[in-house]
Amino acid sequence: MKDRIKGVLAKVFEVGTDEINETSSPDTVETWESLSHLNMIMALEEEFGVRLTEEQMINMMDFESVVKTVEDAVADNG
Amino acid sequence: MDKLKLVADVSLAEIKDVLSGFERGSLEPLKISVLRNIMMEPARPYYEYLGLLCGLNVEVMYGEYDNIFMEGAGGREDLLNENTDCVGVFACLADMSPLISNSFASLNADEVEKEIHRIGEFINAVVNGIRKQTGAMILWHGFERPLHPSMGVLDYSMPGGQSVSVDFLNDGLKRSLRNIQNAYYVSMDDIKASLGAERFYDRRMWSMGKIPYSREGLMTIACEDFRFIRALKGKNKKLLVLDCDNTLWGGVIGEDGIGGIKIGQTFPGSTFYEFQQVALDLYNRGVILALCSKNNEDDVWEVFRNHPDMVLTEEHVSAHRINWEDKPSNIRGIAEELNIGLDSIVYADDSEFEVNFVSRLLPEVQTVLLPAARPADYSVALLSGGLFDTLTVSAEDKGRGRMYKAEADRKKLQSEIGDVGEYLKSLEMEVSVLPADKVTIPRIAQLTQKTNQFNLTTKRYSETDIQRFADSDESDVLCLRLQDRFSDYGIIGAAIIVCSGQEAQIDTFLLSCRALGRGVEDVFLNACLDRCRSRDARTVGGKYIQTRKNMQVSGFYRRKGFEELSSNGSETSYRLEMNNAQREVSGHFKSVIVEL
C-alpha cells in the first residue's frame with residue numbers, strides 16, 4: 001500500500017517516485033502546498049475508494065501520517 | 001493507439017497518465033482563461049483530457065483569486081487577449097454577495113433590490129470589459145439556487161424569497177450575456193440536478209480550500225463547458241447513423257414481421273417511439289440521418305412505408321446501407337456518399353459487437369452503445385454527450401472574433417459611460433494621494449515587499465529604505481488611499497519618484513490588486529506627474545521590469561502615452577515629455593484629493 005501511496009503522491013506533486021519517502025512533507029517537496037494538498041486528498045480518495053473526514057485531511061501533513069490515515073480509512077471501510 | 005475512454009469512465013490518475021504520455025504540441029490549440037472567486041484548478045486535467053478527446057491541445061490559465069472585476073473590467077492583457085479562445089467565469093454568490101448568500105433573512109426588500117442591482121451592474125461591467133479585451137467565447141456559470149433557502153418552505157411563495165432573488169440574478173445575467181455576441185449562460189443548477197447536490201458539492205473541500213465542488217462535480221462542469229467548446233470549434237457531429245432492429249423499433253423485422261415489432265404510443269413500443277422522436281428532433285435541428293442495418297432492404301422499407309406508428313419517414317433518411325456487409329465498410333460508404341468526414345459521425349446501435357467493431361475499425365467515428373436491456377434510456381444515452389450541440393453563431397472563423405471586438409471597441413465610449421461608468425460611480429469612491437509620513441511608511445514598505453502584479457519595477461524596500469527616500473530632497477514617496485461606499489481600503493498604492501536636475505524617474509509605481517479596474521491608476525499617475533512638474537522636471541522616465549507575475553502591466557507606460565526608449569527583453573525604458581497637456585481623469589470618483 002505504501003508504494004501505491006508513493007505513486008499517487010509522486011503523480012500529484014509531479015515528482016519522481018524516488019523523491020517521495022518517509023521524510024517527505026510540504027517542507028521537503030516544493031510542489032506540496034495548500035492546493036496540491038487538496039488534489040492529493042482527492043487522488044487518494046479515488047485510488048483507495050475511501051472518504052476522509054476533515055480531521056483526517058488536516059492530519060495528513062507528511063508522508064508518514066498520510067500512510068497511517070489512508071491505512072486507517074481503508075481498514076474502516078471493511 | 002488505443003481509443004481514449006470517455007471522461008466519465010476514466011480516473012484522474014489515468015487522465016494524468018494519458019496527458020503526460022501524449023504529445024499535444026501538434027494539436028490545434030485551445031486557450032481557456034478563467035476568471036473566478038473560487039478555486040477551480042483541480043478541474044484543469046478534465047479540460048485538458050476532454051480537449052484530447054476531440055483533438056485539441058487545451059491550455060487553461062486561471063486569473064488571480066477573486067479578481068474577476070479587476071481582470072474583467074479593469075483589464076489583464078496576458079489573460080484576456082486575441083489569442084484567447086474561451087473565457088470561463090465562476091462568480092460564486094457566497095463571495096459576490098455575502099448578504100444574499102448568508103444573511104438573507106436579515107435584509108429588507110429594499111436592501112435585496114439594491115444588492116441585485118449592484119450585482120447586475122458588476123456583471124455588465126465585467127461582460128463588456130471582457131469583450132473589449134477579447135473576442136473569445138464567454139461561458140458565464142450561473143448562480144446556484146440555495147440548497148436550503150433562507151425562508152424555508154415559504155421561500156417560493158414570497159415575492160422576495162432567496163431562491164427567487166437568485167433567479168432574478170440569473171435572469172439579469174442571461175440578459176447581459178445576450179447583449180454580447182458569443183457569450184453564453186451555463187446553468188449550474190442543471191448540472192447540479194444531473195448529479196444531485198450531495199454528489200455535486202464537497203463541503204470539506206469548500207471549507208478547507210474554497211473548492212465548492214467534488215471531483216465528480218468538477219468533471220461534470222468541464223463536460224458541460226466542453227459542449228460549448230466543441231460546438232465553437234465545429235467539432236459538433238453532423239451525421240447520425242442509426243441501426244434499425246432494437247434501435248428504431250423493438251424486435252427484429254426479419255423475424256418478427258411488421259406486425260410483431262414493437263413501435264407505438266403505448267408500452268413497450270412507446271420507448272422506441274420516443275427515441276424516434278429524439279432522432280426527428282435532431283433532424284429538425286439540422287443533423288443528417290442515415291440508416292445502417294443488417295437486413296433485407298425491402299423488410300426495412302416496408303416498416304418505414306407501411307407501419308402506422310413510425311415517426312421517421314423515408315424523407316428523413318439521407319443515405320442508407322441496408323445489406324449483409326460489415327458495418328464499418330457500410331459507414332465508410334455512407335460517409336463518402338454524403339461527403340462527410342468520419343469524425344463528424346455518430347453511430348448508435350444496441351449491439352455491443354457492432355459498436356466495438358465500428359469503434360475498432362473507424363476510430364474517428366463516435367459510437368454510442370444503446371443499453372439493450374433498457375430502451376427507456378436510449379434517448380439519454382444519445383443526447384447526454386451534447387454531441388450535436390451547435391452555437392447559433394459559428395465562431396470557426398477567428399476573423400469573426402476580431403469583428404466582435406472591433407464592434408465593442410467602437411461602442412467603447414458608450415459602454416464606458418453606460419455600464420462600467422455607472423457602476424463605478426455607484427461605488428462613491430474617494431481617492432487621496434499623499435506624501436509618505438511616519439504613519440504610512442511601514443505600510444508603504446510592506447506594499448513594496450508584497451505587491452507582485454501591478455508593480456512596474458518590483459523593487460523591494462524596507463522601512464529604512466522608504467524613510468531614506470522620503471527624507472531625501474531628491475526623491476518623493478507618495479501613497480494612495482482609497483475608500484468607497486462599502487469599505488475603507490487604506491493605503492493601496494505607492495510610488496517613489498527620484499529627481500536629478502530636470503529629469504525625474506519613477507523608481508516605483510505599484511497598486512494593490514484591490515485597487516484595479518477602477519481608474520485609480522490614472523489618478524495616481526497624474527499625481528506623480530504633477531509632483532514632477534512642481535519640481536520643474538522636463539522629462540519623466542519610467543521602467544517596466546518583467547517578472548513572472550506582472551505581465552499585466554507590461555504595456556502600462558505605453559498606454560499612458562510614454563515613449564519607449566529601449567528594451568532588452570525583460571526591461572523596457574520609457575520617457576514622457578512634461579510639456580504634454582494635463583491628462584483627463586474619468587469623472588466617476590466621488591472625490592479626488594491630491595496633497596503634495
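Order of the sequence lines sets the chain letters (A, B, ...), proteins ahead of strands, with each chain counted from 1.
Heavy atoms closer than 4.5 Å to chain B are found nowhere in A:V8, neither backbone nor side chain. Heavy atoms closer than 4.5 Å to chain A are found nowhere in B:S20, neither backbone nor side chain. Only the side chain of A:L35 comes within contact range of chain B, with heavy atoms under 4.5 Å apart.
Ranked by non-hydrogen atom pairs under 4.5 Å with chain A, the options B:K16, B:M39, B:R204 are led by B:R204.
The residues B:D190 and B:K192 are annotated as not salt-bridged, no charged nitrogen and carboxylate oxygen being separated by less than 4.0 angstrom. The pair A:K6-A:D18 fails the salt-bridge criterion, with no side-chain N (NZ, NE, NH1 or NH2) lying under 4.0 Å from an Asp/Glu carboxylate O.
The backbone N or O of B:Q449 lies less than 3.5 Å from a partner atom in the side chain of B:R460, making a donor-acceptor pair.
Here B:I130 contributes atom CD1 and B:R76 contributes atom CZ; the two are 13.0 Å apart, rounded to the nearest 0.5 Å.
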